[in-house]
Every structure is written in structure tokens, then in C-alpha cells.
Amino acid sequence: MSEAKAPSNFIRQIIDRDLAEGKNDGRVVTRFPPEPNGYLHIGHAKSICLNFGVAESYGGACHLRFDDTNPEKEEDEYIQSIQRDVEWLGFEWAGPVRFASGYFDQLHDYAVQLIEKGLAYVDTQSPEKIAEMRGNFTTPGQDSPFRDRSVEENKALFAKMRAGDFDEGEAVLRARIDMTSPNLTLRDPVLYRIRKKAHHQTGDKWVIYPMYDFTHPLSDAIEGITHSLCTLEFEEHRPLYDWLIEHLDVPAEPRQYEFARLNLNFTVTSKRRLKLLVDEGHVDGWDDPRMPTLSGLRRRGYTPASIRNFCDNLGVSRADSVIDMSLLEEAVRDDLNQNAPRAFCVLKPLKLVIENWPEDQEEWLRAPLHPQNEAMGSREMPLTREVYIDREDFREEANKKYKRLVLGDRVRLRYGYVVRAESVVRDDAGEIVEVRCSYDPDTLGKNPQNDEGQGKMRGVIHWVSARHGLPCRVRLYDRLFDVANPARVAEGESFLDHLNPDSLRVLEGCVVEPRLDGVPAETRYQFEREGYFCVDRDSGADGLVFNRTVGLRESWPREA
RNA sequence: UGGGGUAUAGCCAAGUUGGUAAGGCAGCGGGUUUUGAUCCCGUCAUUCCCAGGUUCGAGUCCUGGUACCCCAGCCA
């Protein structure tokens with residue numbers, strides 16, 4: 001399931017065909033063009049894997065380019081986080097980090113070129129009037145009264161726009177295409193608008209900023225992009241993309257191709273909604289482990305490889321789809337199962353006293369770090385008279401399907417001895433606070449030879465020495481929403497109404513094996529029989545904090 | 001409502017000139033197991049949104065429907 005060969009998809013077929021026809025001198029150049037107005041999420045990962053993956057497998061190049069044409073929404077914090085996330089995923093962009101804002105001079109020249117060709121004009125109607133004149137699905141638009149200004153007048157007006165002589169909203173530069181087109185983006189689209197706001201890259205150099213539709217194709221051309229891959233909603237923008245490439249004297253002829261974006265159920269992947277979750281404090285920040293952001297997944301314990309495999313296994317098509325969250329979870333299990341060292345951690349401690357074990361005796365038992373991979377080595381764990389086991393691993397009575405410790409029956413302490421539960425100790429409230437047991441000294445690495453039920457134990461449970469165990473805190477995460485499609489809720493409801501109140505459960509007083517003392521944040525383990533966990537950066541002097549990435553697969557009869 | 005798209009299993013998805021439905025995940029059955037995990041084996045679409053048509057033969061071609069998605073920012 002891991003290193004699947006790049007599967008056939010329509011993008012690769014287009015590239016194969018282009019290569020066969022000798023287009024672009026055999027070059028394949030793609031780009032990942034995020035707008036720095038939020039953190040990257042799992043949906044971006046699909047685009048990143050596609051763009052970088054395609055470039056890589058064709059010996060081409062992939063650029064990282066910030067599509068930063070709107071100073072109102074963008075911030076440097078996002079520029080930093082996006083680069084960090086792309087690097088974390090393990091991709092290397094070709095050349096420097098690029099910015100659409102780095103092309104503002106050239107873009108301005110292209111705009112003047114359009115004006116000179118009579119293909120663009122300055123419209124001084126109000127924004128409301130422009131919207132009104134655009135018409136709608138059924139009504140064709142009407143020409144602006146300023147549509148036929150002379151080239152000279154347009155040049156002068158555009159220069160005034162640039163000089164700051166107009167206020168925001170007083171003038172825009174529009175392409176002169178067709179106000180009656182059934183494709184609304186062709187009804188004289190706005191190319192430049194006035195924004196008197198400092199830009200994070202260009203400072204106060206500009207007061208006019210190019211629109212995405214104008215900037216993107218030309219940036220692609222400037223960079224020599226051959227295949228400009230974007231999501232489906234840009235499809236009706238393609239005629240404009242092509243129109244600009246056709247009517248301007250550009251150094252290359254990039255082509256745009258659209259694919260379906262990734263949708264995951266039980267979460268949201270729109271920057272607007274993610275930002276709201278952060279801003280209103282429903283989560284702990286962009287990197288809250290419940291967030292589908294790359295930084296959230298990272299903090300949750302996801303590995304770059306697991307996310308890349310997940311994306312590669314999805315395929316690329318033009319059909320709208322919703323991927324099941326369980327596929328993402330399966331991808332990280334697959335990776336961590338192979339690569340995460342094992343450890344013991346008791347989540348809900350219950351004291352087990354081995355009555356025939358001498359008070360001060362401690363025996364260090366060797367256990368592999370990975371049962372199927374000896375190369376990972378082993379560790380030692382101290383067994384003492386008092387150990388902790390999980391409350392859920394003991395019952396006073398149970399049927400045969402319950403493969404754990406039952407009063408009067410035996411179970412194996414994993415990598416240790418077989419014990420038999422003899423009695424329980426209760427507190428005043430009648431709650432069991434301790435289980436008393438006996439152990440069979442002749443069962444280390446072998447089954448009991450001599451008595452009832454030869455061979456197999458009822459089960460195997462994990463444990464941690466009460467004297468040596470490290471107290472820790474464990475955070476159990478569940479899906480953030482309790483409906484499959486939070487973005488689509490009933491009239492009058494908000495997606496926030498469907499936040500899962502139990503998406504985070506914090507377990508205090510857990511006990512982990514001593515060897516994990518001081519391990520750094522982001523170290524990942526499989527806590528045997530529990531799941532995959534990751535050390536959180538909140539760990540410190542007062543103990544380790546673990547985030548549960550995902551549980552182990554569970555398939556046992558619920559009637560047990 | 002005009003335009004642009006998309007329909008193949010529970011979820012993705014391949015299917016290139018029409019030649020008899022890949023693969024993954026999930027499910028189900030079994031085996032191994034000192035993790036109820038992993039691993040292994042087997043099984044899982046007489047049918048491709050629907051209805052007609054062409055053809056010896058249609059997921060692929062034709063005709064007519066249906067459902068869903070996107071577009072009316074000086075956002076990207």
C-alpha cells in the first residue's frame with residue numbers, strides 16, 4: 001500500500017501526450033500557489049502532492065509561489081507557516097520562494113499593453129453600478145458608459161489610479177471582452193482595483209493591486225509554468241486565462257487544468273471556517289490536533305509520509321467526492337505500525353499487587369521495541385511487586401470472550417509472567433482500588449507447563465511498575481464535528497452547532513514506562529494495545545503530555 | 001433561470017482504437033500471533049445514473065432524460 005507506482009490519472013495523461021508531441025521542449029513545470037491568508041490544510045496537501053509529485057516524476061520543477069495580490073487578507077505569519085508546512089511534508093521547491101507581488105511591475109506593464117491594444121479600460125462607475133450592469137445568469141450584462149474611452153484617456157486614468165489620485169472604489173481597470181457572455185467571468189472582468197493599504201512584501205509602493213484572474217496566468221507565463229493545476233471552481237476562469245495569454249506578449253504559454261478538490265467528512269476545510277474556529281476559540285489555535293491543518297495533523301502525530309501516501313492513494317479526477325476520515329487514519333496507522341517504537345502506557349491505572357513477589361525485588365525484563373522488526377532493538381522494563389494495569393483490563397467476572405484479567409483466572413503480563421487474580425480490595429465506596437494476584441515464576445517466555453488449561457492464556461495485558469512509572473497526561477481526540485458534512489447544515493444552523501463536545505478528553509494520572517523520561521516533542525510511539533501517541537510540546541517539568549494520534553484498529557465482539 | 005462540469009461497489013478510482021468491469025480503503029470468512037494490533041489466505045459489481053438505439057459485441061458510440069457540483073467579489 002505504501003510505494004504505489006504513480007497511478008494513471010488524467011493530468012499525467014495530458015502531460016504524457018504533451019511530451020509525446022514535443023510541447024514545451026519537454027519541460028514540465030508546475031507550481032503550488034497558496035494565498036497567504038491562512039494555514040495549509042489537508043486539502044492543500046492533495047494539491048501539493050500532485051504538483052510536486054508530478055514535477056518530480058517527470059524530472060521537472062515545481063515552484064512555490066505566494067498568490068499575494070490582496071493586502072487586506074494576507075499576513076507574514078501565514079507565509080512562514082506555509083513554507084514550514086511544505087518543507088515538513090518533504091518537498092523542495094525549485095529556485096527561490098516566489099511571490100506574485102514580485103511581478104507587480106511586469107503585471108502593470110502588461111496592463112498598459114492591454115490598454116494600448118484597446119483591450120482594457122478604466123471604469124469609473126461605482127462598485128454597485130458595476131455589479132448591476134454585469135447582469136446575472138439569465139440577463140446579459142450591459143456595456144459600461146466608459147467602455148469606449150480612448151487609449152490615451154485610459155492610460156492617463158490608469159496612471160492616476162496608480163498615483164493614488166482616486167480613492168478606493170472610484171475606479172478599476174477592466175478587460176474589454178464581452179458583457180453578454182454567458183460566462184460571467186468574461187463580462188469585462190476587473191483587472192486592477194485600488195487598495196490603499198501597505199502590502200506585506202511591497203510596502204506602500206502600490207495602491208493598485210491586480211486581481212487573481214489577471215495575475216495568475218501572467219505569473220505562470222513569467223515563470224515558464226507548463227501545467228497550471230488548480231481546482232474545479234476555476235474552470236470558468238480558464239477562457240480568461242487563455243484570453244490573457246493569447247492577447248499579451250508573454251514568454252510562455254502555460255495551460256490550466258482543473259481537478260476536484262479534496263473533501264473529508266466530519267471536518268471542514270475552508271479557510272473561512274477554520275479561521276472562525278481559531279478566532280472564536282473553539283479550538284486551541286491553527287495547530288490544535290483536532291484541526292485538519294497540516295500543523296494540526298503534525299501536532300496530532302501524523303507523519304509526512306502518511307499524508308503523502310494518503311494523497312497518492314486518493315487518485316486525481318474531476319468528480320466531486322468526499323473521502324472518509326478513516327482513510328486518513330488508516331494511512332497514519334500504516335506508517336506508524338511499521339515505524340513507531342512500542343511502549344507501555346497505562347491510561348486508567350488500577351493497582352495490581354503480586355502477593356508472592358518479594359517487596360524489594362525488581363526484575364528488568366527485556367522487550368522488543370518492535371515485535372516484527374528486531375533491527376529496532378529492545379528496551380528493558382522493571383517489574384516490581386506493585387504494578388499498574390488498566391482498569392478496563394480487569395473484571396470480577398466475564399465470559400470467555402473477554403481476553404483480559406478476571407478474578408480467579410490468569411492472564412499474562414506482556415513480556416513478563418503469568419498472574420492469577422486472587423482477590424480485590426475496595427475503598428469505602430465499594431470501588432475496587434487494588435487487585436491482588438499471584439504469579440507463576442516458571443512462565444517467563446513460556447506457557448505454564450503443569451496445570452489446567454495448558455498453553456494459551458486468556459489474554460495478554462500491558463503494565464507499568466508502580467515504583468518506576470512516570471506520571472503523564474494523555475489527550476484523546478475524536479472527530480471535531482458530529483455530522484458528516486458540517487458545512488452543509490439545516491437552514492438557520494451554523495456548522496458551529498455541530499461541534500463534537502467530546503472531541504477532546506484529557507486523561508490525568510496516566511503512567512508510562514520509565515524509559516520515556518524526557519523524550520522530545522513529536523516523538524511517536526505505539527502504546528501497545530492502545531494506539532499511536534505523540535509527545536506534545538506542552539510536556540515539561542511537570543510531566544509528559546501525549547496526544548493520541550489514532551487508536552489501534554479494534555475488532556472484537558462487543559458482547560464480551 | 002443562462003453557462004460550465006460530474007455520474008463505475010459502502011468510500012475513492014482505473015478503464016486510451018467498442019472485445020466481455022484493475023487497484024486501494026471498508027466489509028465478510030479463515031489462518032498465524034505474548035498487542036482483541038500487525039501479517040497471511042480467501043471472498044466482495046452478470047454490471048457501469050436511467051431509458052431507448054446502433055453493433056456479432058457497448059462502461060466506452062448515438063438519442064432523450066435524471067441527479068448532483070460550480071459561476072452573478074473591486075476574494076483567491
Side-chain angles (χ1 to χ4, degrees), chain A residues 1 4 7-9 13 16-17 33-35 37 67-70 72-74 123 126-127 130-132 134-141 168-174 181-187 189-195 208-209 211-213 215-216 230-239 258 260 262 265 271-272 313-327 329-331 333-334 337-338 342 344 367 370-372 401-404 411-416 418 443 445-447 456-457 459-462 526-531 551-557 560:
Chain A
M1 150 171 180
S8 164
N9 65 49
Q13 287 172 7
D16 288 339
R17 190 199 60 207
E35 183 189 14
N37 67 344
D67 228 325
D68 56 346
T69 57
N70 186 349
E72 296 190 322
K73 296 185 174 180
E74 299 157 6
D123 197 344
S126 70
I130 287 177
E132 180 193 328
R134 184 157 35 229
N136 55 38
F137 296 151
T138 47
T139 318
E168 293 188 12
E170 287 187 341
V172 289
L173 182 72
R174 303 178 72 180
S181 171
N183 180 341
L184 303 215
T185 93
L186 259 21
R187 318 244 266 224
V190 171
L191 268 20
Y192 266 90
R193 78 291 212 181
I194 297 165
R195 284 292 173 274
I208 56 172
Y209 291 94
M211 299 286 288
Y212 164 88
D213 279 328
T215 307
H216 207 85
C230 63
T231 43
L232 251 23
E233 67 268 26
F234 291 103
E235 186 160 17
E236 44 268 289
H237 297 235
R238 189 174 0 120
E258 311 85 19
L262 168 65
N265 61 14
K271 283 190 208 166
R272 196 205 107 226
N313 290 337
L314 291 178
V316 182
S317 76
R318 291 173 59 87
D320 290 318
S321 62
V322 180
I323 276 61
D324 220 276
M325 185 64 91
S326 60
L327 259 80
E329 296 175 343
E330 202 43 45
R333 280 194 193 102
D334 186 52
N337 173 52
Q338 293 177 60
R342 313 284 118 129
F344 283 179
H370 192 299
Q372 279 85 39
K401 288 177 178 169
Y402 182 78
K403 297 169 66 176
R404 311 177 188 191
V411 79
R412 177 177 293 281
L413 295 182
R414 184 152 163 89
Y415 298 130
V418 168
T443 52
K446 60 184 174 184
N447 285 318
K456 297 286 169 56
M457 282 306 95
V460 180
I461 63 174
H462 58 101
Q526 182 201 89
F527 287 164
E528 294 202 50
R529 302 206 314 127
E530 294 290 358
L552 254 28
R553 239 175 116 210
E554 285 188 349
S555 57
W556 42 287

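Naming: A, B, ... by sequence-line order, numbering from 1 per chain.
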Under 4.0 angstrom, heavy atoms only, what part of the nucleic acid is [X] near: base, sugar-phosphate, or nothing?
{"X": "A/E35", "result": "sugar-phosphate"}
{"X": "A/Q13", "result": "sugar-phosphate"}
{"X": "A/S317", "result": "sugar-phosphate"}
{"X": "A/F234", "result": "base"}
{"X": "A/I461", "result": "nothing"}
{"X": "A/H237", "result": "base"}
{"X": "A/K271", "result": "nothing"}
{"X": "A/R553", "result": "sugar-phosphate"}
{"X": "A/G445", "result": "base"}
{"X": "A/V172", "result": "base"}
{"X": "A/T231", "result": "nothing"}
{"X": "A/R174", "result": "nothing"}
{"X": "A/R404", "result": "base"}

Q.
Side chain of A/R412, heavy atoms from C-beta onward: which of B/C12, B/U34, B/C25 has the nearest atom to it?
A.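 Within the option list, the nearest is B/U34.
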What distance, rounded to whole Å, do you find between the two [atom1] atoms, one in [N] and one in [M]?
{"N": "B/G4", "M": "B/A72", "atom1": "C1'", "answer": "14 Å"}
{"N": "B/U46", "M": "B/A9", "atom1": "P", "answer": "11 Å"}
{"N": "B/G59", "M": "B/G19", "atom1": "P", "answer": "10 Å"}
{"N": "B/U60", "M": "B/C49", "atom1": "C1'", "answer": "16 Å"}
{"N": "B/A45", "M": "B/G15", "atom1": "C1'", "answer": "14 Å"}
{"N": "B/G73", "M": "B/U54", "atom1": "P", "answer": "49 Å"}
{"N": "B/G36", "M": "B/U32", "atom1": "C1'", "answer": "14 Å"}

**Asked** Using a cut-off of less than 4.0 Å, is there contact between a side-chain N or O of A/R318 and OP1 or OP2 of B/U6?
**Response**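 Checking A/R318 against B/U6: at least one side-chain N or O falls below 4.0 Å of OP1 or OP2.
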